[in-house]
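Working notes for the structure below.
Just so you know, these numbers use all the heavy atoms, side chains as well, and skip hydrogens, waters and symmetry mates.
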Amino acid sequence: MKRAPRTTARLVWLLAALSCGPDPGDDPCAGADCSGRGRCTSLSLGSETFAFCACAEGYHPLRPPELACEANDPADPCLGVDCLGRGRCVLVSDSDGPVSPRRPVCECEPGTHPAGLACLPDDPADACRGVTCSGHGACELRDRRPACSCEPGFAALSLECLPDPCAHVACSGRGTCELVESASTDGAVLTAACDCPPGSLARGLACPLDPCAGVSCSGHGTCLAVDASLAEDGEPVLRAACVCEPGFVAEGELCLPDLCAGVACSGHGTCHLERALDSGGRTAVLAACVCDPGFHAQGQECLENDPGDACRGVSCSGHGDCRLEDGAPACECDPGYVPEQLQCLPVLPASWPFGINGYYSAQNTEIYGQMRAANIGWVRLTASWMDIEPNDGDLHWAQTDAMVDAYVLRGFHVYLSIGNTPAWAARDHQAFRGVPADPDEWMSFVRRVTDRYSERGVFHYGLWNEPARSHPGQGFFDGTAADYREVILKPGYAGAKSGCPDCLVFGPEHYVNWDWPDGACSLGQRGWLRRVLQDGGAAHLDGLSIHIYADVSCGHAHSVPATIFSRVDDVLGVMDEFGIRAKPLWITETGWPVRDGGCDQGDQARKYWEHLDELAGRFFVRGYPPEKIFFYTFQDDGRSPQEQYGLLEEDRTPKQAYYVYSSCARPEGCP
């Protein structure tokens, strides 16, 4: 549909000259509906009164005395257009482009002028006589032709002034509202449409930002803008969606290789993604088979075990030897490799920066393969004092042993956070977050933990989880910054070093939220951290550990890395004050949820992409902190269905963010 300037009419006029002058009391438009494709009006020229049909674009008038509009022939738009017998129809183009559409216009004979696809006689006396402009404007001659100049809030359509549909249309403050001629059952009408600038798209009477700006779909697809939701002001919000080329699958704004396409695993297993290291320490994601019982993986096939020799054909990925254990084949792997199914998979180096807050499962062991496939090298676990020692001297290690062993024996590096006071050891008998009544009891427990688990391969420990509280009686620790420094940090550090002198001790597992008011945490968040580090506190840490959850919108325009790493830089400034900038800084919790009424899987995946890509450049390229980053968490637990942080759903179905993690957790960043 073509657009018209506000003061210029492009509708077709039909001049139906009556065979004789009408009775002054007669309405020449009575009963005329212009075929439902126009508007009938009347105009007096001299002693004669004429009836006009204003037809919508794409229609032309029939010869008088009919007051009707007939559709143009799409093959020949001039076919049947006779300009009311006062001219000829010709086809013209609006631009010089090779595919510019051609439209019909009338070339009129002398004494007449064109009005749409009609030629109307000039009124030698006063062409504006009888033109009222609907009472909202004034008629004036333009090139000897009558035209309406309308008052504010109205726009010209034929020789009428109709309410201007653009009067209150802002087009999001980015575009320009233009008038469009269209047809309705009441005849020709004016409607509003937004002409939007580059970087935005026309959606109704708005110009929302184009979410596909800068989205390459990994170079293997086309980005489409689809409706997502409405903002608080009613403006539409669009999201980017990738349509991927064959061999790739869409995951949010990414087109990731469908490595499992066509991999049937011989019909005796399922294909999943697995990671591998090349000679340069870079990672690659490969398709691998997890085979059914009685079968073993050989390349991308699942071969049946030989009942006479179950190890026959089992290569252990070329990095180990097959041995029989209770009659079943198992891989004994070379140093630097660990068994997974009947394969020997490489262990990521301890310098690897990417970790996750772990999920322990003794039943669903497949989850560890999913972690390995995502390039997760580190796992953060908890050694809970209240669970291990619920009563004084009554020690229960089995659950924590099984959890730690599940990861260490599969080649993961473990960071063990120690905390949670049992009721019997707390000042106020408050379990979980109570301040230990006797610092020596706490020191003794920490020593037992580091002594026991360093023998199992754990060499990095954190002292408590988020001890800075937002309000009294909330959070994970009821004490002040001084309580943490004198009761938790100093005795805990001494206990950890007595149990394992070579282990590294981190703290304060501090939730960095500078927005909390000063009164909530003694001197506010910066003040709380400074009070922990003063009076010898800084000397009782081998490294600083922090938690950062960036409170940013789910929208594409917000920069997650800028928010996260600006807070990292703030913490580095505090470390400078106490002369400990050379010590490692680890982010032991961060992440983004899929949230009801807020972030969807695409939002979560986009934030992981931005964060991991920035981290790779920051750490691997510039050698700049943080040295480790642990995302929260690997699998949804179902406890807070409105806000799920997991990379996997509760049933272990991968979310979009899982595939982003798999692709981006590598030194070279995202593909």
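- With a 4.5 Å cut-off on side-chain heavy atoms, V660 and S662 do not count as touching.
- Panel note: side chain D570, backbone R567; no donor-acceptor pair is recorded below 3.5 Å.
- Although no hydrogens or angles enter the test, the distance criterion places a donor-acceptor pair under 3.5 Å between the side chain of H413 and the main chain of L348.
- From L648, atom CG reaches atom OG1 of T653 across 8.0 Å, with rounding to the nearest 0.5 Å.
- The nearest pair of heavy atoms linking P339 to C333 is N-SG, 3.4 Å.
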Criterion side-chain contact (heavy atoms from CB on, under 4.5 Å) on F634 and V379, from CA distance to verdict: CA-CA 10 Å; F634 190 66; V379 180; over 6 Å; no
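- Counting only heavy atoms from C-beta outward, the side chains of E589 and Y511 never approach each other to under 4.5 Å.
- At least one side-chain heavy atom of I548 sits less than 4.5 Å from a side-chain heavy atom of V568.
- Under a 3.5 Å cut-off, the side chain of D195 and the backbone N or O of T176 do not form any donor-acceptor pair.
- The side-chain heavy atoms of R372 and F412, taken from C-beta on, include a pair separated by under 4.5 Å.
- Taking 4.5 Å as the limit, every side-chain heavy atom of F354 sits out of range of all side-chain heavy atoms of F630.
- For the atom pair OG1 of T400 and OH of Y360, the computed distance is 9.5 Å after rounding to the nearest 0.5 Å.
- Atom CG in D542 sits 12.5 Å away from atom OH in Y461 (nearest 0.5 Å).
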For C177 and C171: C-alpha separation, side-chain torsions, deciding distance, then whether disulfide bond (SG atoms under 2.5 Å apart) applies. CA-CA 6 Å; C177 184; C171 295; 4.9 Å; no
Show, in sequence, the C-alpha distance, side-chain angles and deciding distance for H547 and T588, and conclude whether the side-chain hydrogen bond (donor to acceptor under 3.5 Å, both in side chains) test is met. CA-CA 6 Å; H547 298 173; T588 48; 3.0 Å; yes
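- Contact detail for Q644 and D637: the closest heavy-atom pair is OE1-N, 4.1 Å.
- The closest donor-acceptor contact from the side chain of W352 to the backbone of W378 lies at 3.5 Å or more, if one exists at all.
- In this structure, the side chain of K628 does not engage the main chain of S545 through any donor-acceptor pair within 3.5 Å.
- Side-chain N/O atoms of R652 and Q370 include a donor and acceptor closer than 3.5 Å.
- In this structure the side chain of V449 never reaches within 4.5 angstrom of the side chain of V446, judged on heavy atoms.
- Distance CG/L529 to CG/L544: 6.0 Å, rounded to 0.5 Å.
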Step by step, work out the disulfide bond (SG atoms under 2.5 Å apart) result for C223 and C217. CA-CA 6 Å; C223 183; C217 295; 4.8 Å; no
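- Applying the 6.0 Å contact sphere to CZ of F432 captures more than 12 heavy atoms from other residues, nucleotides or ligands.
- Note: F477 and W464 meet the aromatic proximity criterion, with ring centroids under 6.0 Å apart.
- Salt bridge annotation for R380-E509: present, with a cationic side-chain nitrogen under 4.0 angstrom from a carboxylate oxygen.
- F631 has its ring centre less than 6.0 Å from the ring centre of Y661.
- In this structure, the side chain of T633 engages the main chain of N357 through a donor-acceptor pair within 3.5 Å.
- The aromatic rings of F506 and H460 lie tilted to each other, with the angle between the two planes from 30° to 60°.
- The two residues A206 and C196 have their closest heavy-atom pair at O-SG, 3.9 Å.
- Judged by distance alone, the side chain of R410 and the main-chain N or O of V338 form no donor-acceptor pair under 3.5 Å.
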Quick one: do H510 and E466 satisfy side-chain hydrogen bond (donor to acceptor under 3.5 Å, both in side chains)? Show the steps, please. CA-CA 5 Å; H510 179 41; E466 295 183 5; over 6 Å; no
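- Checking N465, T421, N420 one by one against S384, the side-chain hydrogen bond (donor to acceptor under 3.5 Å, both in side chains) holds for a single residue, N420.
- In this structure, the salt bridge (Lys or Arg N to Asp or Glu O under 4.0 Å) partners of D405, at least two apart in sequence or on a different chain, are R456.
- Closest non-hydrogen pair, S317 versus C344, comes out as OG-N, 3.2 Å.
- Ring pair W586/Y415 is tilted by interplanar angle, where 30° to 60° counts as tilted.
- Between W592 and Y549, the gap from one ring centroid to the other reaches at least 6.0 Å.
- Side-chain contact between P467 and F476: absent, with no pair of heavy atoms (C-beta onward) separated by less than 4.5 Å.
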Could you walk me through whether L585 and I546 pass the side-chain contact (heavy atoms from CB on, under 4.5 Å) test, one step at a time? CA-CA 8 Å; L585 173 63; I546 58 174; 4.1 Å; yes
Hey, mind stepping through H540 and R485 against side-chain contact (heavy atoms from CB on, under 4.5 Å) and telling me if it holds? CA-CA 9 Å; H540 289 80; R485 182 185 66 242; over 6 Å; no
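- Nearest heavy atoms, V458 versus C503: O-SG, 4.0 Å.
- Between F459 and Y453, the distance from one ring center to the other does not fall under 6.0 angstrom.
- Using a distance-only test at 3.5 Å, with no hydrogens or angles considered, a donor-acceptor pair links the side chain of R174 to the main chain of C207.
- Taking a cutoff of 4.0 Å between a charged side-chain nitrogen and a carboxylate oxygen, E649 and K655 do not qualify as a salt bridge.
- Residue Q604 holds its CD atom at 8.5 Å from CD of Q656, rounded to the nearest 0.5 Å.
- Put simply, CD1 on I356 and CD on Q635 are 11.0 Å apart, with the number rounded to the nearest 0.5 Å.
- In this structure the side chain of D483 never reaches within 4.5 angstrom of the side chain of I488, judged on heavy atoms.
- A657 and Y608 get closest at one heavy-atom pair: CB-CD1, 3.8 Å.
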